[in-house]
A.B. asks: 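Before we start, here is the structure in question, set down as structure tokens.
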Amino acid sequence: MNWIQTIIIAIVEGLTEFLPVSSTGHMIIAQNILGVESTEYVKAFTFIIQFGAILSVVCLYWKRFFRLNKEPLPEGSPAIKQFLHKFDFYWKLFIAFIPAVVLGLLCSDAIDAMLERVEVVAAMLVAGGVFMLFCDRIFNKGSENTQLTEKRAFMVGLFQCIAMIPGVSRSMATIVGGMAQKMTRKDAAEFSFFLAVPTMLGATVYKIYKMLKEGGTELIMNNLDTLIIGNVVAFIVALLAIKFFIRFVQRYGFQAFGWYRIIVGGIILALLFTGHELTIL
């Protein structure tokens with residue numbers, strides 16, 4: 001994989017990771033247009049550059065991400081309740097993160113098997129796109145009480161598990177989960193970004209660990225330059241994509257993303273039906 005291919009794939013990752021359009025589907029198209037072979041390093045590269053995308057969320061929302069709850073509790077509240085109240089934001093992120101961890105560990109083999117099936121990605125892109133055409137009508141625009149409760153956080157976490165089916169889009173699943181809990185489009189999207197940090201970081205660290213365990217240290221060290229470039233590009237592009245997405249979805253909703261998903265899924269299906277060999281990065 002040369003530098004031009006590295007930069008283009010990192011741009012695709014940064015653009016699509018936080019939009020409800022499935023980064024996996026776009027990686028398939030980018031990989032095959034660029035003629036990138038699906039080697040072990042290339043697969044690892046697509047996971048490792050997620051760190052740059054994660055960092056964009058932390059930097060963009062750092063005032064909200066690194067904060068403690070300073071609102072006082074009634075005097076005499078139990079120590080454990082005071083502790084959880086102080087770290088309320090992180091506690092709710094943890095609650096939302098739990099379902100993906102449990103299901104990921106229990107069903108890792110089944111998930112890996114689905115990840116190899118391009119037709120599953122394409123079908124889910126189209127199906128998710130059709131759903132997004134109507135999701136603004138299905139869910140109301142959010143209630144006045146958008147406070148993130150433990151129950152709401154857990155329910156969003158359950159919705160995130162749907163994204164383990166490749167092509168669904170983690171962003172779409174969590175945003176829809178938030179809207180199903182009466183959160184506004186903006187609040188649902190922002191919590192989706194926050195939840196991406198532990199979820200994507202956990203997946204990235206796990207993949208790196210498995211790679212190092214299987215003797216991939218030298219492979220990483222020999223490609224350190226492309227990994228650094230990929231992370232920097234993914235960081236910058238994701239930063240811009242998040243800012244655009246928040247403004248766009250507040251004004252126009254999700255219908256445009258629905259049509260876009262249907263088109264991308266249709267392109268992949270057309271390539272498959274015309275005999276093209278497509279693989280997942």
Side-chain angles (χ1 to χ4, degrees), residues 1 3-31 34 36 42-66 93 96-97 100 121 125 128 132 156 160 163 166-176 178 185-208 225-252 254 256-257 260-261 264 280-281:
M1 190 165 64
W3 281 26
I4 294 175
Q5 291 169 331
T6 296
I7 291 170
I8 292 174
I9 290 174
I11 289 172
V12 172
E13 163 63 25
L15 275 175
T16 61
E17 188 60 59
F18 297 108
L19 303 185
V21 294
S22 175
S23 58
T24 304
H26 288 76
M27 288 291 188
I28 292 170
I29 293 174
Q31 175 194 9
L34 295 171
V36 177
V42 171
K43 290 179 180 179
F45 172 82
T46 60
F47 274 96
I48 294 171
I49 63 171
Q50 287 181 343
F51 179 77
I54 294 167
L55 196 59
S56 69
V57 175
V58 177
C59 289
L60 191 61
Y61 291 98
W62 71 272
K63 285 185 178 180
R64 292 173 59 186
F65 203 84
F66 296 104
L93 268 187
F97 178 55
V121 176
L125 270 166
M132 294 200 81
V156 173
Q160 180 172 243
V168 169
S169 167
R170 193 208 62 83
S171 177
M172 186 194 86
T174 50
I175 291 171
V176 168
R185 293 171 184 162
K186 182 175 183 290
D187 289 336
E190 289 182 343
F191 187 65
S192 171
F193 301 154
F194 296 147
L195 184 54
V197 176
T199 303
M200 291 166 58
L201 185 59
T204 302
V205 170
Y206 179 67
K207 288 291 183 181
I208 293 173
D225 54 344
T226 56
L227 289 174
I228 292 171
I229 292 168
N231 273 286
V232 171
V233 172
F235 168 78
I236 294 170
V237 176
L239 204 68
L240 298 172
I242 290 171
K243 288 183 176 181
F244 157 78
F245 179 60
I246 289 294
R247 288 195 300 267
F248 186 92
V249 80
Q250 280 184 285
R251 181 173 296 182
Y252 302 109
F254 296 102
F257 294 105
Y260 181 78
R261 285 177 63 104
V264 173
I280 296 179
L281 278 169

A.B. asks: If you compare all heavy atoms of W62 against all heavy atoms of C59, which two are closest, and at what distance to 0.1 Å?
C.D. replies: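 Closest approach of W62 to C59, heavy atoms only: CD1-O, 3.1 Å.
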A.B. asks: Out of curiosity, I242 CD1 to L60 CG, how far, rounded to the nearest 0.5 Å?
C.D. replies: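 Going from the CD1 atom of I242 to the CG atom of L60 covers 6.0 Å.
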A.B. asks: F235 and F51: ring pair (Phe, Tyr, Trp, His ring centres under 6.0 Å), yes or no, with the steps?
C.D. replies: CA-CA 8 Å; F235 168 78; F51 179 77; 9.5 Å; no
A.B. asks: Taking C-beta and beyond as the side chain, do D225 and W3 meet within less than 4.5 Å on heavy atoms?
C.D. replies: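 Result yes, sub-4.5 Å side-chain heavy-atom pair found.
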A.B. asks: Assess whether ring pair (Phe, Tyr, Trp, His ring centres under 6.0 Å) is satisfied between F245 and F18, documenting all intermediate values.
C.D. replies: CA-CA 8 Å; F245 179 60; F18 297 108; 9.4 Å; no
A.B. asks: Show your reasoning for whether side-chain contact (heavy atoms from CB on, under 4.5 Å) applies to K186 and V249.
C.D. replies: CA-CA 7 Å; K186 182 175 183 290; V249 80; 6.0 Å; no
A.B. asks: Please report the interatomic distance OG(S169) to CZ(R261), rounded to the nearest 0.5 Å.
C.D. replies: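 CZ of R261 is found 5.5 Å from OG of S169.
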A.B. asks: Could you tell me whether the side chain of F65 reaches within less than 4.5 Å of the side chain of L93, counting heavy atoms only?
C.D. replies: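 Yes. Closest side-chain heavy atoms under 4.5 Å.
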A.B. asks: For residues F254 and V176, determine if any side-chain heavy atom of one lies less than 4.5 Å from a side-chain heavy atom of the other.
C.D. replies: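 Not in contact.
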A.B. asks: Quick check for you: to the nearest 0.5 Å, what is the distance between E17 atom CD and T24 atom OG1?
C.D. replies: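 So the gap between those two atoms works out to 8.0 Å.
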A.B. asks: Look at the aromatic rings of Y61 and F194 and report parallel, tilted or perpendicular, splitting at 30° and 60°.
C.D. replies: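 Perpendicular: the ring planes of Y61 and F194 meet at over 60°.
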A.B. asks: Tell me the closest heavy-atom pair linking A173 and A163, and the distance in Å.
C.D. replies: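 Reported closest heavy-atom pair: CB-CB, 4.1 Å.
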A.B. asks: To the nearest 0.5 Å, what is the distance between OG1 (T16) and CD1 (I29)?
C.D. replies: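 Between atom OG1 of T16 and atom CD1 of I29 there are 10.5 Å.
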A.B. asks: Side chains of T174 and F191, heavy atoms from C-beta outward: is any pair under 4.5 Å?
C.D. replies: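 The answer is no, as the side chains (C-beta and beyond) never meet within the 4.5 Å cut-off.
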A.B. asks: Can you list the steps and then say if Y252 with F248 is a ring pair (Phe, Tyr, Trp, His ring centres under 6.0 Å)?
C.D. replies: CA-CA 6 Å; Y252 302 109; F248 186 92; 5.0 Å; yes
A.B. asks: May I have the step-by-step check of side-chain contact (heavy atoms from CB on, under 4.5 Å) for L201 and Q50, ending in yes or no?
C.D. replies: CA-CA 8 Å; L201 185 59; Q50 287 181 343; over 6 Å; no
A.B. asks: Are T199 and Q160 close enough that a side-chain donor and a side-chain acceptor fall under 3.5 Å?
C.D. replies: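 Checked: T199/Q160 side chains pair up, N/O donor to acceptor below 3.5 Å.
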A.B. asks: Can you measure from CG (L125) to CE (M172) and round to the nearest 0.5 angstrom?
C.D. replies: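 Reported value, rounded in 0.5 Å steps: 9.5 Å.
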A.B. asks: Compare all side-chain heavy atoms of S23 with those of R170 and state whether any distance is below 4.5 angstrom.
C.D. replies: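 SC-SC contact between S23 and R170 ruled out.
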A.B. asks: So which atom in A189 and which in I246 form the shortest heavy-atom distance, rounded to 0.1 Å?
C.D. replies: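 It is CB-CD1, 3.8 Å.
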A.B. asks: Nearest 0.5 Å, please: how far is CD in Q31 from CD in Q5?
C.D. replies: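 Between Q5 CD and Q31 CD, I get 10.0 Å after rounding to 0.5 Å.
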A.B. asks: Between F45 and T226, which heavy-atom pair has the shortest distance, and what is it?
C.D. replies: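 Closest approach of F45 to T226, heavy atoms only: CE1-O, 3.4 Å.
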